[in-house]
Amino acid sequence: MSVEVIPTGTVGAEVRGVDLAAVTGAAIDAIKQAWYRHDVLAFRNQRLTDDDLLAFSRHFGALDPPPNQGAGRKSPPGYPDVYVVSNVLDEQGEPIGALGDGEAAWHTDMSYAAEPPDASMLYSLEIPAIGGDTWFCGMKAALARMPRALVDRIAPLDIKHDGTYDSGGYLRKGLAASADPRTSVGTPHPIVIRHPMSGDRALYLGRRRNAYIMGLEVAESERLLDEIWSYVEAAVYVHKWALGDLVLWDNRTTMHRRDSFDPGARRVMHRTQIKGSGAPRRAAQ
Ligand code: SIN
């Protein structure tokens, strides 16, 4: 296979010339190098079974079980490491997947955990005619766009990442509602981190809802968070899905969000995620 990497802007690249169901060691190395550089990779025209998706995912590390979303942990039968994102209901009227048809707000996956997943991949099986685009923002570019004084101020600080609500705004199954970011479930992580492989610095924000900058009064934390979040769309790639697309992203250097779509349309995506290789590490100033 001859891997061709076409950047989609400051963040993201489309990778051509690769059949992910039969990818080889040399091609995997080339894909990883492109991924460290571009943070989001899109592969078009793939034909993957869940076994193919799992086999490709394992090249990036150990698999991480699906998150507990508002709909609970949704997997296809026999594939507990595959997570279904879908608005489709089964015969009993139960959702077969998570996140429904609404907008999903900017987030990075499971940042409320002590060791969040390094990577996630999403593969399209059924898509609506319009809507449901997935947006990615580059957190290296967001940090680079910030004034030096703001970077110096936030570099020693930690954000507590809330684990109460999923990105669709749904309360995670079995959890108690909370509007107090100081006491809700979650984990603090440094705001400015260093990527363990590329050495690049990036902002690490997680989700805006119930975020809290440790040690500040809540009002001051909210003000500073609003200022930080005003930089997140510095570099954006919008993925317009076609059937058979797979998108791989780095949770340490990007956030993503999803547009809403027609509730009468069907959207079925299968996702995997790769276990964190460690807690996000603070970048030295
Ligand atoms: C996700 O946030 O993992 C799902 C994004 C999407 O449905 O496009």
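Atoms within a ligand are numbered from 1 in the order they appear, just like the ligands themselves.
Asp50 pairs by the side-chain hydrogen bond (donor to acceptor under 3.5 Å, both in side chains) definition with His270, not counting sequence neighbours.
Within 6.0 Å of atom CZ in Arg145, 12 or fewer heavy atoms from other residues, nucleotides or ligands are found, so the atom counts as exposed in its surroundings.
Proximity to His107 (heavy-atom distance under 4.0 Å) selects the following atoms of ligand 1: 2 (O). Within ligand 1, the atoms closer than 4.0 Å to a non-hydrogen atom of Val85 are 7 (O), numbered from 1 in the order shown. Each of the following atoms of ligand 1 lies closer than 4.0 Å to a heavy atom of His256: 1 (C), 2 (O), 3 (O). Less than 4.0 angstrom separates some heavy atom of Arg267 from each of these atoms of ligand 1: 6 (C), 7 (O), 8 (O).
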*Check against salt bridge (Lys or Arg N to Asp or Glu O under 4.0 Å), Arg282 and Asp158*: CA-CA 9 Å; Arg282 189 183 315 280; Asp158 289 355; 2.7 Å; yes
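Panel note: side chain Tyr204, backbone Ile159; no donor-acceptor pair is recorded below 3.5 Å.
The shell of residues lying under 4.0 angstrom from ligand 1, judged by heavy atoms, excludes His239.
Closest to atom 4 (C) of ligand 1 among all protein heavy atoms lies Leu99 CD1, 3.8 Å. Protein heavy atom closest to atom 5 (C) of ligand 1, with residue, atom name and distance, is Leu122 CD2, 3.9 Å.
Here Met269 has no heavy atoms under 4.0 Å from ligand 1, in either its backbone or its side chain.
The shortest N/O to N/O separation between Thr134 and ligand 1 falls below 3.5 Å. Between Arg271 and ligand 1, an N or O atom pair is found at a separation short of 3.5 Å. Residue contacts with ligand 1: Trp249 is placed with no nitrogen or oxygen under 3.5 Å of a nitrogen or oxygen of the ligand (distance criterion only).
Within the 6.0 Å centre-distance limit, the rings of Trp249 and His256 are counted as a close aromatic pair. Taking the six-membered ring for Trp, Tyr36 and His195 have ring centres closer than 6.0 Å.
Under the 6.0 Å distance and 45° angle rule, Arg271 does not count as a cation-pi partner of Tyr83.
Side-chain polar atoms of Trp135 and Glu233 form no donor-acceptor pair below 3.5 angstrom.
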